[in-house]
Protein chains: 2
Amino acid sequence: MAMATALNHPIDPATVEPRVARSQNAFGALEFPGAARRYGRNEEIFGEGGRADYFYRILTGTVRLYRVLADGRRQIAAFQFEGDVFGVEASDYRHLSAEAVSDCEIVATPRSAMLRHAERNGDFAHRMWARAVTDLAEAHDHMLVLGRQTAAEKVMSFLGDVAGRQGTGTLVKLTMSRQDIADYLGLTIETVSRTLTQLERRGALEVQSARRIELRSNPQRPLDS
Amino acid sequence: MAMATALNHPIDPATVEPRVARSQNAFGALEFPGAARRYGRNEEIFGEGGRADYFYRILTGTVRLYRVLADGRRQIAAFQFEGDVFGVEASDYRHLSAEAVSDCEIVATPRSAMLRHAERNGDFAHRMWARAVTDLAEAHDHMLVLGRQTAAEKVMSFLGDVAGRQGTGTLVKLTMSRQDIADYLGLTIETVSRTLTQLERRGALEVQSARRIELRSNPQRPLDS
DNA sequence: CGTGCGTTTGAGTGAATTCAACGGCTGTGG
DNA sequence: CCACAGCCGTTGAATTCACTCAAACGCACG
């Protein structure tokens, strides 16, 4: 990795660039009708290459969107949380797969109905477009993380994002496993684990339990110790 | 990197997943009015954080879209070629920067005019949305490359993409420098260079000149030699 | 024919990986 | 309510792929 001075810089969750607020441009329940369905942990919602007949909206739970290589290497493109809309495709086929990370309640609406609604309702069409453009901006953010950050930076960046989404200040409750985090950040499960303990030793955070992490802002020694 | 067996698999440019055809959903000249402006090599078109008052369409040349970290590490999110539309933002501010890779002719149209046009023309609004969703799918593809592929796979993937865009079969004419390629693939310039010579030794391609590469499909020994 | 930038090559280092074993939490059945 | 099983997470040791630092090469341009 391109590294250089990264570990000499303090890694402060507060300096993580603010992400675009999700509530903006979200779709209301009225514009996203349909019965909620439950999905169990690790259940597939749709698979790459399948037909893209529905758009989805999460009522509760966490979803992972990912692609896999032939030999099984997996890249999670994004996690989707409560209120998020996913599975939006322009073509008839899925370019990635979706699975429930935790138990979920999800509403599915036919793509055809959404497109028809957008045709008639210019404001809705605009919000659908804005949502896509915002997702694209987030994807660009994540590319910077994947391509140019170190393991420590990746993990801090991820925790900062999740904290921002949860709005619980510096306390992060993880709904996903270390493997999921690794596949999101382009690391191995061992590196994620090791990096968390190193960050803890450096005082950047506290691993209260595997799925519960408290972020401690800047004051943190370089990497001596 | 997650690697394992990658170099034992042949890396065949023909097996690179077909990308979405760019001609689909493109915007016609009529729908993208404005005078063309020339940009010189490495000239900035817009910068991260600046106001997003225009959408751009390339008549000739190549553009890089990128983000940079405070210490200068750069990630190129995408290259844009002839016919491509870029600089499309939902918010008023740029989330990334754009520069001319080569001399370019580019048309700029006010964002307000585009949005007004989309309001009145449902079909245009739909194509604008479809373009954004397709760009997002391409971003997801690139995340898989950045997060889970080896240097050799990254370089082959990149060359396959460019070949696909140029439609010149197996001959690739690069308009960008090794540094640009490195920053697109999350590698260093030295690794890109070394990887190209290794791939050449393995018979996967021929570096006819620095900016001209001929792809030779599969028949290629593992990595002995 | 020099000059300079972009590219290639070399040597050594290091961050993250692989392979392996151990630890600890959770949830279920006795 | 406790004990056990299984999964998830952590830690250790050795390896490796890509990086850093450094120098040489070569093509384009003046």
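In what follows, every chain begins at residue 1, and chains take the letters A, B, ... in the order their sequences are listed.
With hydrogens and angles ignored, a donor-acceptor pair under 3.5 angstrom links the side chain of Arg194(B) to the base of dT20(D). The base of dT17(C) has none of its N or O atoms less than 3.5 Å from a complementary donor or acceptor on the side chain of Arg148(B). You won't find any donor-acceptor pair under 3.5 Å spanning the side chain of Arg211(A) and the base of dG9(D), going by distance alone. Contact annotation: side chain of Gln179(A) to base of dC7(D), donor-acceptor pair absent below 3.5 Å.
The closest side-chain donor-acceptor pair between Thr170(B) and Glu214(B) falls under 3.5 angstrom. With 3.5 Å as the limit, one finds no donor-acceptor pair spanning the side chains of Glu200(A) and Thr197(A).
In this structure, of dG9(D), dC19(D), dT17(C), it is dT17(C) that holds the atom nearest to the side chain of Thr188(A). Of the candidate nucleotides dT7(C), dA16(C), dT10(D), dT10(D) has the atom lying nearest to any side-chain atom of Ile189(A). Counting only heavy atoms from C-beta on, Thr191(A) has its side chain closest to dA16(C) among dA16(C), dT8(C), dA18(D).
Atoms CZ (Arg178(A)) and P (dC7(D)) sit 18 Å apart, rounded to a whole Å. Rounded to an integer number of Å, the gap from Leu196(A) CG to dG9(D) P is 11 Å. The separation between Arg41(B) atom CZ and dG6(C) atom C1' is 9 Å, rounded to whole Å. For the pair Arg212(A) CZ and dC8(D) C1', the interatomic distance rounds to 19 Å; values are reported in whole Å. Nucleotide dT10(D) holds its C1' atom 16 Å from the CG atom of Leu187(A), rounded to whole Å. In this structure, Gln198(B) atom CD and dC19(D) atom C1' are separated by 14 Å, rounded to whole Å. Atoms CG (Asp183(A)) and P (dG9(D)) sit 12 Å apart, rounded to a whole Å. Atom C1' of nucleotide dG9(D) and atom CD of Glu200(A) are separated by 13 Å, given to the nearest angstrom.
Backbone-only contact: Thr197(B) has heavy atoms under 4.0 Å from sugar-phosphate atoms and none from a base. Base contact: Ser193(A) has a heavy atom under 4.0 Å from a base atom.
A salt bridge links Glu48(A) with Arg67(A): the distance from a Lys NZ or Arg NE/NH1/NH2 to an Asp or Glu carboxylate oxygen falls below 4.0 Å. Salt bridge status for Arg64(A) with Asp183(A): absent, with no side-chain N to carboxylate O gap under 4.0 Å. Arg37(B) and Glu105(B) are not joined by a salt bridge, as no carboxylate oxygen comes within less than 4.0 angstrom of a charged side-chain nitrogen.
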